[in-house]
Amino acid sequence: MDIDITCIEALEYLDDSIDGRLDPSLKSALDAHLSKCRPCRTEKSLSLGARASVRRHMKRVAIPPAVRSNILDSIRPAAATSRPSTGLAGLLGISGWRIPLAFGGALAIALIALFVVNNKPGHSHASPADGSVVHEALNHFDEVLDGRLKPDIRSDNPLVVQKYLEERLHFPVRMAPMRQFNLVGANLTTADNETTANLIYERDGQIVFMSQYDARRLLHGTHRYIPEPVLRALKASGMYTSTGKLVDCTMAMWLIDSTLCTAIADIKQDQLLANITETDTR
Amino acid sequence: MDLQKNKEFEQEAVPHMDILYNYALRMTSSPDDAADLVQETFLKAFRFWDKYEKGTNIRAWLFRILKNSFINKYRKETKEPETVDYNDIQNFYNTIKADWADANDLQDKIFGGLLEDDVARALETLPEEFRTVVILCDIEGLSYEEIAEFVDCPIGTVRSRLHRGRKILRDMLLDYARRHGFVDGPGD
Ligand SMILES: [Zn+2]
């Protein structure tokens, strides 16, 4: 004697039955119900029909050979040149890495990414908050420019600002002393449970906005990430040339140990670089 | 050492390129985007090959990398879901239920005329977490257990998402069929 089931139960079991995952006693109860209930039979028929239609039209295809060989090519040279290394460079699998990491007390800095553009007023950096640190930094820069993102601490003393930030962060902040710009202050922003340190420098109404991230956290599959082209560029040449998304500002990204620094300003590329690299020689 | 890594990677990861590509293609509906996603996935996988725990499900590991990349790229760009008028669907549906008896005939009549575009469009409008399980189960033919590992969820969650996802998909396909006029009433 079969168990009696209701239409609601029958509908609940229908998918399991189609997938062959229904316990045999329930299966015979379902079949018994279907044999005497037309609406449920129709339901089953519609489910099967929809699924068959999906299968019929969504056939498996092979990956195009060009894409496949492209991928294989991009893996092979990397394998041939990678060598054991330490720190973030090792983590990234970067070899032939022209970008010096910090050593001794000196801040050794080089560019990872460089987006260059004309210096002109008016901003439209707004990008979706998609987890890309590039978009995030640009959005924050916009917010600083129009006054929505203000410093939580105001001080031109790098030591005071550094202390304030490091008490609230789990990674070291790198205070880049800039020759031409004055430190205004700093604040912290949080996204995806990760905190970012933001430093604001100013001169004559021009802002240099700097963000610092724990790069290790950006590489571990959380929502936030360093965009793939930037990482790829690191591996290939240490330099990334943008395909032209930025229209009116200059952006630079570089690493000091595992702290990822981003600087954005509405000044010319060489001017920004002069300020950043200035910190090299101090 | 490096050659060893390369060899391992090619033996273990590379054979899964096709299934990842298919999944990416169904998720994005764009061969270019799918190619980019798979490329990004394999570069990441290669870079993090040390992090892959040997002997565990490599396909699931690759899949999770791809899924994260997909979410990073597309989460904010997903289109507004097409609006389905559920009253229309409900009426249509009730008509079918009340008046159509021959199940096999019904399937053909309703779904037989749908085009690949209809199905792709319907899939595309499914919310991401439903789309993923429907693609993996109904197109790729994976088991609930493997899907659970892929999406890092309990099997019960996979099951309920799958049931719900199929139902939404079916309603959308029914709606297309209705709009195409494949079924204009019982008995014709
Ligand atoms: Zn029933």
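In what follows, every chain begins at residue 1, and chains take the letters A, B, ... in the order their sequences are listed.
- Atoms CG and OG, on B:Leu43 and A:Ser74 in that order, are 4.0 Å from each other to the nearest 0.5 Å.
- Contact between A:Tyr213 and A:Val133 at its shortest, heavy atoms only, is OH-O, 3.5 Å.
- Aromatic rings of B:Tyr52 and B:Trp49 (six-membered ring for Trp) have centroids within the 6.0 Å cut-off, being under it.
- Looking at heavy atoms from C-beta onward, A:Leu72 lies in side-chain contact with B:Met17 at the 4.5 angstrom threshold.
- For chain A, the option among B:Asp118, B:Asp36, B:Leu115 with the highest count of heavy-atom pairs below 4.5 Å is B:Leu115.
- For a residue to count as touching a neighbouring chain, one of its non-hydrogen atoms must lie under 4.5 Å from one of that chain's; by this rule B:Leu114 touches chain A with backbone and side chain alike.
- Residues A:Ile5 and A:Glu9 come closest through the heavy atom pair CA-OE1, 3.4 Å.
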**Request:** Walk me through it: do B:Asp171 and B:Arg166 pass the test salt bridge (Lys or Arg N to Asp or Glu O under 4.0 Å)?
**Result:** CA-CA 8 Å; B:Asp171 286 353; B:Arg166 281 173 179 165; over 6 Å; no

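- The CD1 atom of B:Ile155 lies 12.0 Å from the OG atom of B:Ser160; values are rounded to the nearest 0.5 Å.
- Under a 4.0 Å N-O distance rule, the pair A:Lys36/A:Asp4 qualifies as a salt bridge.
- With a 4.5 angstrom heavy-atom cutoff, B:Val134 does not touch chain A via any of its atoms.
- A:Leu48 touches chain B through backbone and side chain together, each having a heavy atom under 4.5 Å away.
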**Prompt:** Does the side chain to side chain contact (heavy atoms under 4.5 Å, CB included) test come out yes or no for B:Glu12 and B:Lys54, once each step is laid out?
**Reply:** CA-CA 10 Å; B:Glu12 295 196 44; B:Lys54 303 285 177 296; 4.3 Å; yes

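- Contact annotation for B:Asn22: only side-chain heavy atoms (C-beta onward) come within less than 4.5 Å of a heavy atom of chain A.
- For chain B, the nearby part of A:Arg56 is the side chain; its heavy atoms alone come within less than 4.5 Å.
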**Request:** Show your working on salt bridge (Lys or Arg N to Asp or Glu O under 4.0 Å) between B:Arg121 and B:Glu116 and close with a plain yes or no.
**Result:** CA-CA 8 Å; B:Arg121 199 149 43 102; B:Glu116 182 172 337; over 6 Å; no

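- Close approach to chain B, defined as a heavy atom under 4.5 Å from one of its heavy atoms, is seen in A:His57, A:Met58, A:Lys59, A:Arg60, A:Val61, A:Ala62, A:Ile63, A:Pro64 of residues 57-64 of chain A, taken by number.
- In this structure, no portion of B:Ala45 lies under 4.5 Å from any heavy atom of chain A.
- Distance CG/A:Asn198 to OG/A:Ser211: 4.0 Å, rounded to 0.5 Å.
- Contacts of A:Ser132 with chain B are absent, with no heavy-atom separation under 4.5 Å from either backbone or side chain.
- Atom NZ of B:Lys44 sits in a crowded spot, with more than 12 heavy atoms from other residues, nucleotides or ligands closer than 6.0 Å.
- Judged by distance alone, the side chain of A:Ser17 and the main-chain N or O of A:Tyr13 form no donor-acceptor pair under 3.5 Å.
- The side-chain tip of B:Lys5 points at the ring of B:Phe46 from less than 6.0 angstrom away and within 45° of straight on.
- For residues 140-154 of chain B, heavy-atom neighbours of chain A at less than 4.5 Å comprise B:Glu140, B:Tyr144, B:Glu145, sorted by residue number.
- Residues of residues 58-66 of chain B lying within less than 4.5 angstrom of chain A, judged on heavy atoms, are absent.
- With chain B as partner, the option from A:Asp16, A:Asn70, A:Leu14 having the largest number of non-hydrogen pairs under 4.5 angstrom is A:Asp16.
- The two residues B:Arg26 and B:Ile139 come nearest to each other via the heavy atoms CG-CD1, 4.2 Å.
- Neither the backbone nor the side chain of B:Ile135 comes within contact range of chain A; no heavy atom of the residue lies under 4.5 Å from a heavy atom of that chain.
- Salt bridge A:Arg51/A:Asp19: present, at least one basic N to carboxylate O contact under 4.0 Å.
- A:Ser45 places no side-chain N or O within donor-acceptor distance of the main-chain N or O of A:Arg41, the cut-off being under 3.5 Å.
- Sequence neighbours left out, the pairs with a member in residues 24-35 of chain A that pass salt bridge (charged side-chain N to carboxylate O under 4.0 Å, His left out) are A:Lys27-A:Asp31.
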